[in-house]
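This report concerns only the one structure given below.
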2 protein chains.
Amino acid sequence: MSLYLRFLEDHRRRGKETISSGDLAALGGTTSAQVRKDLSFFGSFGTRGLGYSVAALSHRIREILGLEREWRVIIIGAGKIGAALAQYRGFAERGFHVIGVYDVDRAQIGKSLNGLVIQDESAMDADIARLKPDIALIAVPAEAAQALLDRVAKAGVRGVLNFAPTPLHAPEGVKLRSVDMALELEILTYALVGSQH
Amino acid sequence: MSLYLRFLEDHRRRGKETISSGDLAALGGTTSAQVRKDLSFFGSFGTRGLGYSVAALSHRIREILGLEREWRVIIIGAGKIGAALAQYRGFAERGFHVIGVYDVDRAQIGKSLNGLVIQDESAMDADIARLKPDIALIAVPAEAAQALLDRVAKAGVRGVLNFAPTPLHAPEGVKLRSVDMALELEILTYALVGSQH
DNA sequence: TATATCTTGTGAAATCATTCACAAGCATCC
DNA sequence: GGATGCTTGTGAATGATTTCACAAGATATA
Ligand SMILES: NC(=O)c1ccc[n+]([C@@H]2O[C@H](COP(=O)([O-])OP(=O)(O)OC[C@H]3O[C@@H](n4cnc5c(N)ncnc54)[C@H](O)[C@@H]3O)[C@@H](O)[C@H]2O)c1
Ligand SMILES: NC(=O)c1ccc[n+]([C@@H]2O[C@H](COP(=O)([O-])OP(=O)(O)OC[C@H]3O[C@@H](n4cnc5c(N)ncnc54)[C@H](O)[C@@H]3O)[C@@H](O)[C@H]2O)c1
């Protein structure tokens with residue numbers, strides 16, 4: 001679904017007003033029947049003979065994904081990757097607003113990233129209670145990740161995106177996803193060794 | 001498979017020598033039968049009544065994934081995310097060696113990241129021909145991504161990991177994967193809006 | 001050695017996902 | 001308005017994956 005949204009935005013930029021399931025399939029590397037099945041799960045909003053209205057379908061998918069509202073995000077760990085994420089414009093463009101960045105390192109605390117001051121992580125629990133962020137990004141060393149996940153979960157955060165390359169266990173009621181870049185590379189190498197027999 | 005490897009390493013750190021399919025399943029959130037089917041696809045290396053040897057299974061999976069050799073990696077775009085990736089220790093730990101970083105920005109070229117000097121991207125094609133990197137990480141603005149993918153593919157790179165949030169089309173014979181962090185957040189929000197009816 | 005207890009490896013069954021195929025709907029053109 | 005050309009939405013067929021269920025191998029214990 002998120003991918004379809006990317007394709008639709010791409011298509012809109014090219015000035016097209018409608019798109020057929022076949023076009024979407026070609027972009028996504030699937031079949032037109034697949035695309036239609038996926039979309040029909042949420043209702044039917046295409047026009048026969050014409051395809052889907054790019055604007056209408058985008059809007060509907062944004063609704064389904066919950067992107068019609070703004071989301072508050074905090075970042076834990078202001079190291080190399082945390083700092084990059086804090087300054088990433090792509091988040092705000094899609095409705096994700098970074099409202100806080102935390103670290104334990106005295107040398108980091110107080111520094112400003114894009115107008116956002118790095119806070120002492122001891123202030124985090126109180127801030128979460130007050131500002132009620134929806135999602136936390138965990139960008140700390142692997143050893144510290146599970147403890148922080150438990151801590152933000154307890155404080156009331158319901159979604160977590162983890163960047164530490166370690167298996168984590170999410171407490172009940174918390175949605176967890178992990179981005180593991182070394183793992184992505186491993187999937188690539190598997191494909192590479194596989195393709196040369 | 002890569003995930004199983006993570007679990008095994010985790011388990012080894014805890015001092016365990018064997019692990020059962022049930023344990024692996026619990027870690028991965030699947031069933032024991034699933035794990036056994038996955039592993040049996042590549043042969044049978046468990047011991048009945050005991051489980052799998054953590055060391056032997058790790059080794060076998062590393063073999064299957066092609067991690068028993070070293071891989072050469074270049075990074076294109078030395079911006080915020082490119083710089084973070086260039087300094088990331090986790091890659092070298094898993095056998096991925098960054099041998100070059102490229103940018104167009106005069107202000108960036110010549111700077112050193114962890115002992116790695118940022119090169120002018122006009123030198124890139126010659127370097128690829130000479131050093132034969134296996135994988136390129138693309139960390140440039142979305143508009144520039146497709147052109148660079150085509151360019152490194154032509155120069156002989158066979159695997160690409162893309163960080164730009166845009167749909168790319170890989171030329172024949174090139175394995176492409178993309179990491180899209182805003183998309184990861186969208187998947188989280190979908191789960192969040194879904195779970196509250 | 002005999003017995004009890006685990007856990008793998010794997011056919012068979014059940015479930016889930018994709019593809020096929022086509023009636024029905026809409027737009028366009030004559 | 002009627003014929004023509006596209007494209008959707010969706011049952012039915014096919015294909016893939018997951019789960020079930022259990023025989024057979026391995027260890028441990030006495
Ligand atoms: N650098 C990358 O490109 C990259 C890529 C993929 C994954 N990662 C992972 O992301 C994590 C961070 O990587 P990095 O390169 O930014 O490391 P880093 O050392 O630059 O930054 C880690 C930061 O976390 C802070 N920290 C440690 N414990 C903390 C706590 N309890 N609360 C708050 N802050 C705490 C540290 O003070 C430090 O500033 C690691 O797990 C790493 O494996 C990094
Ligand atoms: N910053 C993040 O945390 C983050 C997160 C996810 C995705 N991304 C994506 O990663 C990409 C880079 O993001 P960033 O934040 O590092 O941006 P950035 O502006 O800091 O860095 C981009 C760099 O690419 C260089 N560049 C541009 N064209 C180039 C070319 N043809 N060849 C070589 N280098 C070129 C620029 O000079 C610049 O240094 C973007 O597509 C962004 O959407 C960034």
Round to the nearest Å and state the distance from [X] atom [atom1] to [N] atom [atom2].
{"X": "A/Q34", "N": "C/dC16", "atom1": "CD", "atom2": "C1'", "answer": "12 Å"}
{"X": "B/L24", "N": "C/dT8", "atom1": "CG", "atom2": "C1'", "answer": "13 Å"}
{"X": "A/D38", "N": "D/dG9", "atom1": "CG", "atom2": "P", "answer": "12 Å"}
{"X": "B/F45", "N": "C/dT7", "atom1": "CZ", "atom2": "C1'", "answer": "16 Å"}
{"X": "B/D23", "N": "C/dC6", "atom1": "CG", "atom2": "P", "answer": "14 Å"}
{"X": "A/R36", "N": "D/dC6", "atom1": "CZ", "atom2": "P", "answer": "15 Å"}

Next on the checklist: Under 4.0 Å, heavy atoms only, any strand: does A/S32 hit a base, just the sugar-phosphate, or nothing?
Outcome noted: nothing
Next on the checklist: Using side-chain hydrogen bond (donor to acceptor under 3.5 Å, both in side chains), reason through B/Y102 and B/D120 one step at a time and then give a plain yes or no.
Outcome noted: CA-CA 6 Å; B/Y102 300 88; B/D120 188 324; over 6 Å; no
Checklist entry - More 5' along DNA chain D: B/T31 or A/A33, using each one's nearest nucleotide? => result A/A33
Checklist entry - Do B/L183 and B/P165 have side chains that get closer than 4.5 Å, going by heavy atoms? => result no
Checklist entry - Are any non-hydrogen side-chain atoms of A/I109 and A/D105 less than 4.5 angstrom apart? => result no
Next on the checklist: As a test of understanding, state which of A/K175, A/R177, A/R94 forms a salt bridge (charged side-chain N to carboxylate O under 4.0 Å, His left out) with B/E184.
Outcome noted: A/R177
Closest to the [X] side chain, choosing from [options]:
{"X": "B/Y52", "options": "D/dT19, C/dT8, C/dT19", "result": "C/dT8"}
{"X": "B/S20", "options": "D/dT8, C/dT7, D/dC20", "result": "C/dT7"}
{"X": "B/K37", "options": "C/dA12, C/dT8, D/dT8", "result": "C/dA12"}

Checklist entry - Between A/R12 and A/E9, is there a side-chain N and carboxylate O pair less than 4.0 Å apart? => result no
Checklist entry - Given B/D180 and B/S178, is the side-chain hydrogen bond (donor to acceptor under 3.5 Å, both in side chains) satisfied, shown in steps? => result CA-CA 6 Å; B/D180 186 332; B/S178 287; over 6 Å; no
Pairwise N/O distances under 3.5 Å, protein to nucleotides 27-30 of chain D:
none

